[in-house]
Amino acid sequence: MVGRPRHHASVLAVALCTAVLPPLTPPATAAGPPPPPTDAALAHQPARPAASREQFYLLLPDRFANGDTGNDRGGLTGDRTATGYDPTDEDFFQGGDLRGVIDHLDYIKGLGTTAVWLAPVFKNKPVTVRDGKPTANYHGYAITDFTRVDPHFGTEADLSELIDKAHAKGMKVFFDVITNHTADTIDYAEKRYGYRSKGAYPYLDTEGRPFDDSTGMRPTDADGAPYTPQVSTDPRDRKVPDWLNDPSLYHNRGNSTFAGESALDGDFMGMDDLWTERPEVVRGMERIYEKWVRDFGVDGFRVDTAKNVDMAFWTQWATALDRYAARHGRRNFFLFAEAFSADASITAPYVTQGRLDATLDFPFQAAARNFASRGGPADDLAHVFAQDYRYTTDKTNAYSEVTFLGSHDMGRIGAFVTQDHPGADDAELLRRDRLAHELMFFSRGDPVIYSGDEQGFTGAGGDKDARQTMFASRVPDYLDDD
(Lines give C-alpha, C1' and ligand atoms only; values in the text may rest on other atoms or scores of the structure.)
Protein backbone atom coordinates (compact mmCIF):
# COMPACT_ATOMS: atom_id res chain seq x y z
CA MET A 1 0.00 0.00 0.00
CA VAL A 2 1.12 3.52 -0.62
CA GLY A 3 2.46 5.27 2.48
CA ARG A 4 0.71 8.14 4.20
CA PRO A 5 1.61 11.67 3.01
CA ARG A 6 3.36 14.31 4.98
CA HIS A 7 1.73 17.71 4.80
CA HIS A 8 3.85 20.83 4.67
CA ALA A 9 2.68 24.33 5.53
CA SER A 10 3.92 27.20 3.41
CA VAL A 11 5.24 30.23 5.23
CA LEU A 12 5.14 33.56 3.39
CA ALA A 13 7.69 36.05 4.66
CA VAL A 14 6.64 39.67 3.97
CA ALA A 15 9.27 42.40 4.19
CA LEU A 16 7.88 45.80 5.10
CA CYS A 17 9.93 48.68 3.73
CA THR A 18 9.39 52.17 5.09
CA ALA A 19 10.92 55.25 3.47
CA VAL A 20 12.16 57.76 6.04
CA LEU A 21 14.12 61.01 5.92
CA PRO A 22 17.80 60.74 6.87
CA PRO A 23 18.17 61.20 10.64
CA LEU A 24 19.78 64.38 11.89
CA THR A 25 22.27 62.23 13.79
CA PRO A 26 23.26 58.74 12.75
CA PRO A 27 21.96 55.95 14.99
CA ALA A 28 24.40 54.42 17.37
CA THR A 29 23.74 50.94 15.93
CA ALA A 30 22.02 49.69 12.79
CA ALA A 31 19.42 46.93 13.31
CA GLY A 32 19.87 44.03 10.90
CA PRO A 33 17.07 42.08 9.22
CA PRO A 34 15.26 39.47 11.33
CA PRO A 35 16.66 35.95 11.11
CA PRO A 36 14.99 33.68 8.56
CA PRO A 37 12.55 31.06 9.86
CA THR A 38 14.10 27.74 10.77
CA ASP A 39 13.62 24.60 8.71
CA ALA A 40 11.57 23.18 11.58
CA ALA A 41 9.21 26.16 11.45
CA LEU A 42 8.84 25.89 7.68
CA ALA A 43 8.03 22.17 7.92
CA HIS A 44 5.65 22.57 10.86
CA GLN A 45 2.40 20.65 10.47
CA PRO A 46 -0.72 22.79 10.20
CA ALA A 47 -3.44 22.46 12.81
CA ARG A 48 -5.08 19.05 12.46
CA PRO A 49 -7.86 17.38 14.42
CA ALA A 50 -7.07 14.21 16.34
CA ALA A 51 -8.99 12.02 13.88
CA SER A 52 -7.19 13.10 10.71
CA ARG A 53 -4.60 10.37 10.26
CA GLU A 54 -6.77 7.26 9.94
CA GLN A 55 -6.83 4.71 7.15
CA PHE A 56 -10.23 3.03 7.10
CA TYR A 57 -11.15 -0.46 5.94
CA LEU A 58 -14.89 -0.74 5.22
CA LEU A 59 -16.50 -4.16 5.36
CA LEU A 60 -19.92 -5.79 5.51
CA PRO A 61 -19.67 -8.59 8.09
CA ASP A 62 -21.90 -10.86 5.99
CA ARG A 63 -19.62 -10.54 2.98
CA PHE A 64 -16.14 -10.62 4.55
CA ALA A 65 -15.41 -14.00 6.19
CA ASN A 66 -17.44 -16.88 7.63
CA GLY A 67 -15.83 -17.71 10.96
CA ASP A 68 -18.77 -19.63 12.44
CA THR A 69 -21.09 -21.62 10.17
CA GLY A 70 -23.36 -22.27 13.16
CA ASN A 71 -24.87 -18.77 12.92
CA ASP A 72 -25.45 -18.73 9.14
CA ARG A 73 -29.23 -18.87 9.65
CA GLY A 74 -29.25 -16.55 12.65
CA GLY A 75 -30.74 -19.22 14.92
CA LEU A 76 -33.87 -19.34 12.75
CA THR A 77 -35.49 -22.35 11.09
CA GLY A 78 -37.26 -22.76 7.77
CA ASP A 79 -36.45 -21.82 4.21
CA ARG A 80 -34.62 -18.71 3.05
CA THR A 81 -37.70 -16.51 3.41
CA ALA A 82 -37.64 -17.26 7.14
CA THR A 83 -33.90 -17.39 7.86
CA GLY A 84 -32.64 -15.00 5.19
CA TYR A 85 -29.81 -17.40 4.32
CA ASP A 86 -29.12 -18.47 0.74
CA PRO A 87 -25.46 -18.38 -0.33
CA THR A 88 -26.45 -18.83 -3.98
CA ASP A 89 -28.36 -15.53 -4.16
CA GLU A 90 -26.79 -12.08 -3.75
CA ASP A 91 -30.03 -10.81 -2.17
CA PHE A 92 -29.61 -13.08 0.86
CA PHE A 93 -27.21 -13.73 3.73
CA GLN A 94 -23.97 -15.39 2.62
CA GLY A 95 -22.68 -16.45 6.05
CA GLY A 96 -20.03 -13.90 7.00
CA ASP A 97 -19.86 -12.87 10.65
CA LEU A 98 -17.88 -11.09 13.37
CA ARG A 99 -15.85 -14.24 14.11
CA GLY A 100 -14.63 -14.09 10.53
CA VAL A 101 -13.49 -10.50 11.04
CA ILE A 102 -11.68 -11.46 14.27
CA ASP A 103 -9.89 -14.28 12.44
CA HIS A 104 -8.60 -11.89 9.77
CA LEU A 105 -7.55 -8.86 11.81
CA ASP A 106 -3.91 -9.42 10.87
CA TYR A 107 -4.86 -9.32 7.19
CA ILE A 108 -6.77 -6.08 7.71
CA LYS A 109 -3.91 -4.50 9.67
CA GLY A 110 -1.43 -5.63 7.03
CA LEU A 111 -3.08 -3.31 4.52
CA GLY A 112 -2.05 -0.31 6.61
CA THR A 113 -5.46 -0.08 8.27
CA THR A 114 -5.81 2.01 11.42
CA ALA A 115 -9.63 1.99 11.63
CA VAL A 116 -12.13 -0.79 10.83
CA TRP A 117 -15.53 0.49 9.67
CA LEU A 118 -18.25 -2.12 10.15
CA ALA A 119 -21.53 -1.95 8.24
CA PRO A 120 -24.45 -2.09 10.75
CA VAL A 121 -24.31 -5.10 13.08
CA PHE A 122 -27.60 -4.46 14.95
CA LYS A 123 -30.46 -7.00 14.83
CA ASN A 124 -32.42 -6.70 11.59
CA LYS A 125 -35.71 -7.99 10.29
CA PRO A 126 -34.33 -11.08 8.49
CA VAL A 127 -36.35 -10.73 5.30
CA THR A 128 -38.43 -7.96 3.77
CA VAL A 129 -40.98 -8.61 1.02
CA ARG A 130 -41.41 -5.70 -1.36
CA ASP A 131 -43.46 -5.84 -4.56
CA GLY A 132 -43.87 -9.55 -3.95
CA LYS A 133 -40.12 -10.24 -3.90
CA PRO A 134 -38.35 -11.35 -0.70
CA THR A 135 -34.89 -9.97 0.05
CA ALA A 136 -32.78 -10.44 3.15
CA ASN A 137 -31.45 -7.53 5.20
CA TYR A 138 -27.85 -8.82 5.31
CA HIS A 139 -26.66 -5.21 4.84
CA GLY A 140 -27.87 -4.20 8.30
CA TYR A 141 -29.99 -1.17 7.45
CA ALA A 142 -33.42 -2.58 8.45
CA ILE A 143 -33.11 -2.65 12.23
CA THR A 144 -35.71 -4.02 14.63
CA ASP A 145 -33.57 -4.23 17.77
CA PHE A 146 -31.07 -1.41 18.29
CA THR A 147 -29.76 -3.01 21.50
CA ARG A 148 -28.48 -6.37 20.18
CA VAL A 149 -26.06 -7.75 17.63
CA ASP A 150 -27.84 -9.57 14.80
CA PRO A 151 -27.57 -13.33 15.46
CA HIS A 152 -26.45 -13.86 11.85
CA PHE A 153 -23.27 -11.99 12.80
CA GLY A 154 -22.71 -13.46 16.25
CA THR A 155 -23.08 -12.09 19.76
CA GLU A 156 -22.28 -9.04 21.84
CA ALA A 157 -19.37 -11.05 23.26
CA ASP A 158 -18.01 -11.53 19.73
CA LEU A 159 -18.26 -7.79 19.13
CA SER A 160 -16.44 -7.01 22.37
CA GLU A 161 -13.71 -9.48 21.46
CA LEU A 162 -13.34 -7.95 18.01
CA ILE A 163 -12.98 -4.44 19.43
CA ASP A 164 -10.54 -5.52 22.15
CA LYS A 165 -8.34 -7.45 19.71
CA ALA A 166 -8.42 -4.65 17.12
CA HIS A 167 -7.37 -2.18 19.80
CA ALA A 168 -4.55 -4.50 20.88
CA LYS A 169 -3.28 -4.41 17.30
CA GLY A 170 -3.43 -0.61 17.19
CA MET A 171 -6.66 -0.33 15.18
CA LYS A 172 -9.84 1.54 16.01
CA VAL A 173 -13.37 0.24 15.36
CA PHE A 174 -16.26 2.31 13.99
CA PHE A 175 -19.94 1.35 13.80
CA ASP A 176 -22.27 2.28 10.97
CA VAL A 177 -25.42 3.63 12.68
CA ILE A 178 -28.91 4.65 11.57
CA THR A 179 -31.23 7.25 13.09
CA ASN A 180 -33.41 8.05 10.08
CA HIS A 181 -35.47 4.88 9.88
CA THR A 182 -36.17 1.42 11.20
CA ALA A 183 -37.21 -1.84 9.55
CA ASP A 184 -40.50 -1.78 7.67
CA THR A 185 -43.09 -2.99 10.18
CA ILE A 186 -45.73 -0.27 9.68
CA ASP A 187 -48.24 -0.63 6.88
CA TYR A 188 -50.87 1.91 5.82
CA ALA A 189 -54.58 1.06 6.03
CA GLU A 190 -55.08 2.84 2.72
CA LYS A 191 -52.74 0.32 0.98
CA ARG A 192 -51.28 3.25 -0.92
CA TYR A 193 -47.71 4.45 -0.54
CA GLY A 194 -47.20 7.53 -2.68
CA TYR A 195 -45.77 10.49 -0.79
CA ARG A 196 -48.35 12.82 0.79
CA SER A 197 -47.06 16.37 1.16
CA LYS A 198 -47.48 18.66 4.16
CA GLY A 199 -49.41 21.15 2.06
CA ALA A 200 -52.07 18.67 1.01
CA TYR A 201 -51.98 16.53 4.16
CA PRO A 202 -50.88 18.60 7.20
CA TYR A 203 -50.34 16.96 10.55
CA LEU A 204 -53.27 17.27 12.98
CA ASP A 205 -52.83 17.71 16.70
CA THR A 206 -54.94 15.82 19.24
CA GLU A 207 -57.68 18.45 18.88
CA GLY A 208 -57.81 18.04 15.12
CA ARG A 209 -56.01 21.29 14.30
CA PRO A 210 -53.43 21.33 11.48
CA PHE A 211 -49.87 22.35 12.28
CA ASP A 212 -46.44 22.53 10.66
CA ASP A 213 -43.82 20.50 12.53
CA SER A 214 -41.03 22.70 11.19
CA THR A 215 -42.30 25.61 13.31
CA GLY A 216 -42.91 23.61 16.49
CA MET A 217 -44.43 20.40 17.79
CA ARG A 218 -47.90 19.90 19.26
CA PRO A 219 -49.45 16.94 21.08
CA THR A 220 -50.44 14.44 18.42
CA ASP A 221 -51.22 10.77 17.90
CA ALA A 222 -51.47 8.35 15.00
CA ASP A 223 -54.93 9.68 14.10
CA GLY A 224 -53.32 12.94 12.97
CA ALA A 225 -50.98 11.27 10.46
CA PRO A 226 -51.23 11.69 6.66
CA TYR A 227 -51.70 7.92 6.30
CA THR A 228 -53.37 5.58 8.79
CA PRO A 229 -50.50 3.53 10.24
CA GLN A 230 -51.00 -0.14 11.06
CA VAL A 231 -48.28 -1.71 13.19
CA SER A 232 -47.43 -5.34 12.53
CA THR A 233 -48.74 -7.73 15.20
CA ASP A 234 -46.09 -10.35 14.36
CA PRO A 235 -43.94 -10.68 17.51
CA ARG A 236 -40.88 -11.04 15.28
CA ASP A 237 -41.50 -7.46 14.10
CA ARG A 238 -41.52 -6.03 17.61
CA LYS A 239 -38.95 -3.24 17.86
CA VAL A 240 -36.53 -2.55 20.70
CA PRO A 241 -36.48 -0.18 22.56
CA ASP A 242 -40.23 -0.27 23.01
CA TRP A 243 -40.84 3.40 22.18
CA LEU A 244 -40.07 2.54 18.56
CA ASN A 245 -43.40 0.68 18.40
CA ASP A 246 -45.42 3.90 18.79
CA PRO A 247 -46.68 4.75 15.26
CA SER A 248 -47.13 8.42 16.17
CA LEU A 249 -43.33 8.77 16.28
CA TYR A 250 -43.04 8.23 12.52
CA HIS A 251 -43.72 10.61 9.64
CA ASN A 252 -46.26 8.23 7.98
CA ARG A 253 -46.21 10.17 4.69
CA GLY A 254 -45.46 7.38 2.23
CA ASN A 255 -42.37 6.59 0.21
CA SER A 256 -39.66 9.14 -0.41
CA THR A 257 -38.96 10.30 -3.94
CA PHE A 258 -35.58 11.58 -2.63
CA ALA A 259 -36.44 15.08 -3.77
CA GLY A 260 -37.81 18.13 -1.99
CA GLU A 261 -39.73 17.64 1.23
CA SER A 262 -40.00 13.88 0.77
CA ALA A 263 -36.22 13.51 1.11
CA LEU A 264 -36.63 14.33 4.81
CA ASP A 265 -40.08 12.97 5.60
CA GLY A 266 -40.60 10.01 3.25
CA ASP A 267 -40.06 6.32 3.96
CA PHE A 268 -36.55 5.36 2.76
CA MET A 269 -37.02 2.46 0.34
CA GLY A 270 -40.21 1.60 2.22
CA MET A 271 -38.59 1.54 5.67
CA ASP A 272 -40.38 3.34 8.51
CA ASP A 273 -39.20 6.96 8.66
CA LEU A 274 -38.77 8.31 12.19
CA TRP A 275 -40.21 11.72 13.04
CA THR A 276 -36.82 13.08 14.01
CA GLU A 277 -38.18 16.58 14.61
CA ARG A 278 -39.82 15.29 17.78
CA PRO A 279 -37.72 15.80 20.93
CA GLU A 280 -38.62 12.35 22.29
CA VAL A 281 -37.15 10.77 19.13
CA VAL A 282 -33.97 12.80 19.46
CA ARG A 283 -33.55 11.76 23.09
CA GLY A 284 -34.46 8.16 22.30
CA MET A 285 -31.75 7.96 19.63
CA GLU A 286 -29.26 9.53 22.03
CA ARG A 287 -29.97 6.82 24.61
CA ILE A 288 -29.73 4.03 22.03
CA TYR A 289 -26.23 4.96 20.92
CA GLU A 290 -25.02 6.02 24.36
CA LYS A 291 -25.44 2.35 25.29
CA TRP A 292 -22.93 1.29 22.63
CA VAL A 293 -20.50 4.00 23.74
CA ARG A 294 -20.89 2.93 27.37
CA ASP A 295 -20.82 -0.84 26.99
CA PHE A 296 -18.31 -1.21 24.15
CA GLY A 297 -15.03 0.50 23.37
CA VAL A 298 -16.24 1.78 20.01
CA ASP A 299 -14.19 4.71 18.67
CA GLY A 300 -16.88 6.48 16.65
CA PHE A 301 -19.86 6.23 14.34
CA ARG A 302 -20.50 6.65 10.64
CA VAL A 303 -24.06 8.00 10.47
CA ASP A 304 -26.19 6.72 7.62
CA THR A 305 -28.61 8.79 5.48
CA ALA A 306 -27.68 12.13 7.08
CA LYS A 307 -29.38 14.09 4.29
CA ASN A 308 -32.68 12.40 5.12
CA VAL A 309 -32.74 13.77 8.68
CA ASP A 310 -33.42 17.38 9.68
CA MET A 311 -30.31 19.38 10.52
CA ALA A 312 -31.52 20.32 14.02
CA PHE A 313 -31.51 16.63 14.94
CA TRP A 314 -27.82 16.32 14.11
CA THR A 315 -26.89 19.41 16.10
CA GLN A 316 -28.53 17.98 19.22
CA TRP A 317 -27.60 14.33 18.72
CA ALA A 318 -23.93 14.87 17.81
CA THR A 319 -23.43 17.31 20.68
CA ALA A 320 -24.98 14.85 23.14
CA LEU A 321 -22.89 11.91 21.88
CA ASP A 322 -19.68 13.95 21.99
CA ARG A 323 -20.32 14.96 25.60
CA TYR A 324 -21.32 11.44 26.63
CA ALA A 325 -18.23 9.89 25.02
CA ALA A 326 -15.99 12.50 26.68
CA ARG A 327 -17.46 11.62 30.07
CA HIS A 328 -16.53 8.00 29.35
CA GLY A 329 -12.93 8.81 28.52
CA ARG A 330 -13.19 9.21 24.75
CA ARG A 331 -12.58 12.87 24.03
CA ASN A 332 -11.74 12.17 20.40
CA PHE A 333 -14.92 10.25 19.58
CA PHE A 334 -15.35 10.66 15.81
CA LEU A 335 -18.69 11.09 14.02
CA PHE A 336 -18.81 11.27 10.23
CA ALA A 337 -21.87 11.53 8.04
CA GLU A 338 -23.06 10.08 4.76
CA ALA A 339 -24.42 13.15 2.95
CA PHE A 340 -24.71 12.06 -0.66
CA SER A 341 -23.73 15.11 -2.73
CA ALA A 342 -20.72 16.18 -4.77
CA ASP A 343 -21.28 19.80 -3.70
CA ALA A 344 -19.33 20.92 -0.63
CA SER A 345 -21.87 23.66 0.07
CA ILE A 346 -24.37 20.83 0.71
CA THR A 347 -22.10 18.44 2.61
CA ALA A 348 -20.21 20.93 4.81
CA PRO A 349 -23.22 22.15 6.84
CA TYR A 350 -23.42 18.72 8.49
CA VAL A 351 -20.08 19.67 10.05
CA THR A 352 -20.58 23.37 10.71
CA GLN A 353 -24.26 23.27 11.68
CA GLY A 354 -24.83 19.60 12.48
CA ARG A 355 -21.72 19.45 14.69
CA LEU A 356 -20.52 16.17 13.17
CA ASP A 357 -16.74 15.84 12.75
CA ALA A 358 -16.64 15.08 9.03
CA THR A 359 -18.56 13.80 6.05
CA LEU A 360 -17.86 11.12 3.52
CA ASP A 361 -16.10 13.19 0.85
CA PHE A 362 -18.42 12.73 -2.12
CA PRO A 363 -17.00 15.89 -3.81
CA PHE A 364 -13.53 14.30 -3.77
CA GLN A 365 -14.87 10.96 -5.01
CA ALA A 366 -16.54 12.55 -8.02
CA ALA A 367 -13.48 14.63 -8.94
CA ALA A 368 -11.04 11.74 -8.44
CA ARG A 369 -13.05 9.45 -10.69
CA ASN A 370 -13.42 12.18 -13.29
CA PHE A 371 -9.68 12.88 -13.32
CA ALA A 372 -8.24 9.37 -13.02
CA SER A 373 -10.79 7.45 -15.05
CA ARG A 374 -12.38 9.91 -17.44
CA GLY A 375 -9.44 12.18 -18.17
CA GLY A 376 -11.14 15.20 -16.64
CA PRO A 377 -9.28 18.43 -15.84
CA ALA A 378 -7.15 18.86 -12.74
CA ASP A 379 -9.13 22.05 -12.16
CA ASP A 380 -11.96 19.87 -10.84
CA LEU A 381 -9.69 18.58 -8.10
CA ALA A 382 -8.42 22.07 -7.41
CA HIS A 383 -12.01 23.24 -6.98
CA VAL A 384 -12.65 20.50 -4.39
CA PHE A 385 -9.65 21.54 -2.31
CA ALA A 386 -10.55 25.21 -2.68
CA GLN A 387 -13.75 24.44 -0.77
CA ASP A 388 -11.90 23.02 2.24
CA TYR A 389 -12.48 26.18 4.26
CA ARG A 390 -16.15 25.24 4.46
CA TYR A 391 -15.39 22.39 6.91
CA THR A 392 -13.56 24.45 9.52
CA THR A 393 -15.07 24.64 13.00
CA ASP A 394 -13.75 24.96 16.53
CA LYS A 395 -13.10 21.18 16.64
CA THR A 396 -12.43 20.00 13.09
CA ASN A 397 -11.43 20.89 9.54
CA ALA A 398 -11.00 19.34 6.09
CA TYR A 399 -8.12 17.11 7.24
CA SER A 400 -10.80 14.93 8.88
CA GLU A 401 -12.84 14.45 5.69
CA VAL A 402 -13.25 10.74 4.92
CA THR A 403 -12.08 10.20 1.36
CA PHE A 404 -13.10 7.22 -0.74
CA LEU A 405 -13.33 6.01 -4.35
CA GLY A 406 -16.30 3.67 -4.11
CA SER A 407 -18.48 1.92 -1.56
CA HIS A 408 -20.97 -0.83 -0.83
CA ASP A 409 -23.74 1.57 -1.88
CA MET A 410 -22.50 3.30 -5.03
CA GLY A 411 -20.15 0.67 -6.47
CA ARG A 412 -16.41 0.06 -6.75
CA ILE A 413 -13.72 2.18 -8.41
CA GLY A 414 -12.82 -0.92 -10.44
CA ALA A 415 -16.34 -0.99 -11.86
CA PHE A 416 -16.25 2.74 -12.65
CA VAL A 417 -12.95 2.47 -14.52
CA THR A 418 -14.26 -0.52 -16.45
CA GLN A 419 -17.48 1.31 -17.34
CA ASP A 420 -15.58 4.41 -18.44
CA HIS A 421 -13.23 2.39 -20.70
CA PRO A 422 -15.07 -0.49 -22.35
CA GLY A 423 -12.65 -2.67 -24.24
CA ALA A 424 -9.54 -1.38 -22.47
CA ASP A 425 -6.92 -3.96 -21.58
CA ASP A 426 -6.09 -4.91 -18.01
CA ALA A 427 -2.91 -2.85 -17.97
CA GLU A 428 -4.76 0.40 -18.69
CA LEU A 429 -7.53 -0.38 -16.21
CA LEU A 430 -4.95 -1.11 -13.51
CA ARG A 431 -3.01 2.10 -14.23
CA ARG A 432 -6.14 4.19 -13.84
CA ASP A 433 -7.19 2.33 -10.70
CA ARG A 434 -3.73 2.92 -9.19
CA LEU A 435 -3.81 6.60 -10.14
CA ALA A 436 -7.18 7.02 -8.39
CA HIS A 437 -5.78 5.40 -5.25
CA GLU A 438 -2.64 7.56 -5.39
CA LEU A 439 -4.84 10.65 -5.51
CA MET A 440 -6.74 9.45 -2.46
CA PHE A 441 -3.72 8.44 -0.39
CA PHE A 442 -1.73 11.58 -1.15
CA SER A 443 -4.61 14.00 -0.52
CA ARG A 444 -5.80 15.39 2.81
CA GLY A 445 -8.35 13.36 4.70
CA ASP A 446 -8.81 9.83 6.01
CA PRO A 447 -8.78 7.36 3.08
CA VAL A 448 -11.09 4.34 2.88
CA ILE A 449 -10.45 0.98 1.28
CA TYR A 450 -13.68 -0.90 0.63
CA SER A 451 -13.02 -4.59 1.23
CA GLY A 452 -12.32 -6.33 -2.04
CA ASP A 453 -10.85 -3.30 -3.77
CA GLU A 454 -7.39 -4.39 -2.63
CA GLN A 455 -8.05 -7.66 -4.46
CA GLY A 456 -9.11 -5.91 -7.67
CA PHE A 457 -12.86 -6.60 -7.37
CA THR A 458 -15.07 -4.88 -9.92
CA GLY A 459 -18.75 -5.86 -10.12
CA ALA A 460 -21.54 -4.81 -12.43
CA GLY A 461 -22.70 -1.73 -10.54
CA GLY A 462 -23.69 -0.40 -7.13
CA ASP A 463 -25.56 -1.78 -4.14
CA LYS A 464 -25.72 -5.59 -4.15
CA ASP A 465 -23.63 -5.80 -7.33
CA ALA A 466 -20.72 -4.35 -5.32
CA ARG A 467 -21.14 -6.60 -2.29
CA GLN A 468 -19.20 -9.67 -3.33
CA THR A 469 -17.97 -12.08 -0.69
CA MET A 470 -14.27 -12.09 0.16
CA PHE A 471 -14.63 -15.87 0.62
CA ALA A 472 -15.53 -18.46 -2.02
CA SER A 473 -18.85 -17.52 -3.60
CA ARG A 474 -21.71 -19.58 -4.98
CA VAL A 475 -23.51 -16.58 -6.52
CA PRO A 476 -23.50 -16.75 -10.35
CA ASP A 477 -23.52 -12.95 -10.71
CA TYR A 478 -20.37 -12.75 -8.55
CA LEU A 479 -18.56 -15.69 -10.13
CA ASP A 480 -18.57 -14.07 -13.57
CA ASP A 481 -17.02 -10.79 -12.31
CA ASP A 482 -13.64 -9.69 -13.65
### Query
Heavy-atom count around Arg323 CZ within 6.0 Å, excluding the residue itself: above 12?
no
### Message
Check the orientation of Phe441 and His437. Use parallel for under 30°, tilted for 30 to 60°, and perpendicular for over 60°.
### Response
parallel
### Message
Looking at Asp242, I'd like to know if its CG atom is crowded, meaning that more than 12 non-hydrogen atoms belonging to other residues, nucleotides or ligands lie closer than 6.0 Å.
### Response
yes
### Task
Please check if any side-chain donor atom of His251 sits under 3.5 Å from a side-chain acceptor atom of Glu277, or the reverse.
yes
### Pairing residues for Leu430 by the side chain to side chain contact (heavy atoms under 4.5 Å, CB included) criterion, not counting sequence neighbours
Arg434
### Query
Does the ring centre of Phe371 sit less than 6.0 Å away from the ring centre of Phe364?
no
### Task
Tell me, please, which residues at least two apart from Asp89 pass side chain to side chain contact (heavy atoms under 4.5 Å, CB included).
Arg80, Asp86, Asp91, Phe92
### Any residue meeting salt bridge (charged side-chain N to carboxylate O under 4.0 Å, His left out) with Asp304, in chain and number order, not counting sequence neighbours
Arg302
### Task
Would you kindly check if the NZ (Lys) or CZ (Arg) of Arg355 is within the cone defined by 45 degrees around the ring axis of Tyr350 and under 6.0 Å from the six-membered ring centre?
no
### Query
Are Phe122 and Trp292 near enough that their ring centres are under 6.0 Å apart?
yes
### Query
Are Phe404 and Tyr450 an aromatic pair by the rule of ring centers under 6.0 Å?
no
### Query
Would one find more than 12 heavy atoms of other residues, nucleotides or ligands at under 6.0 Å from atom CE of Met269?
no
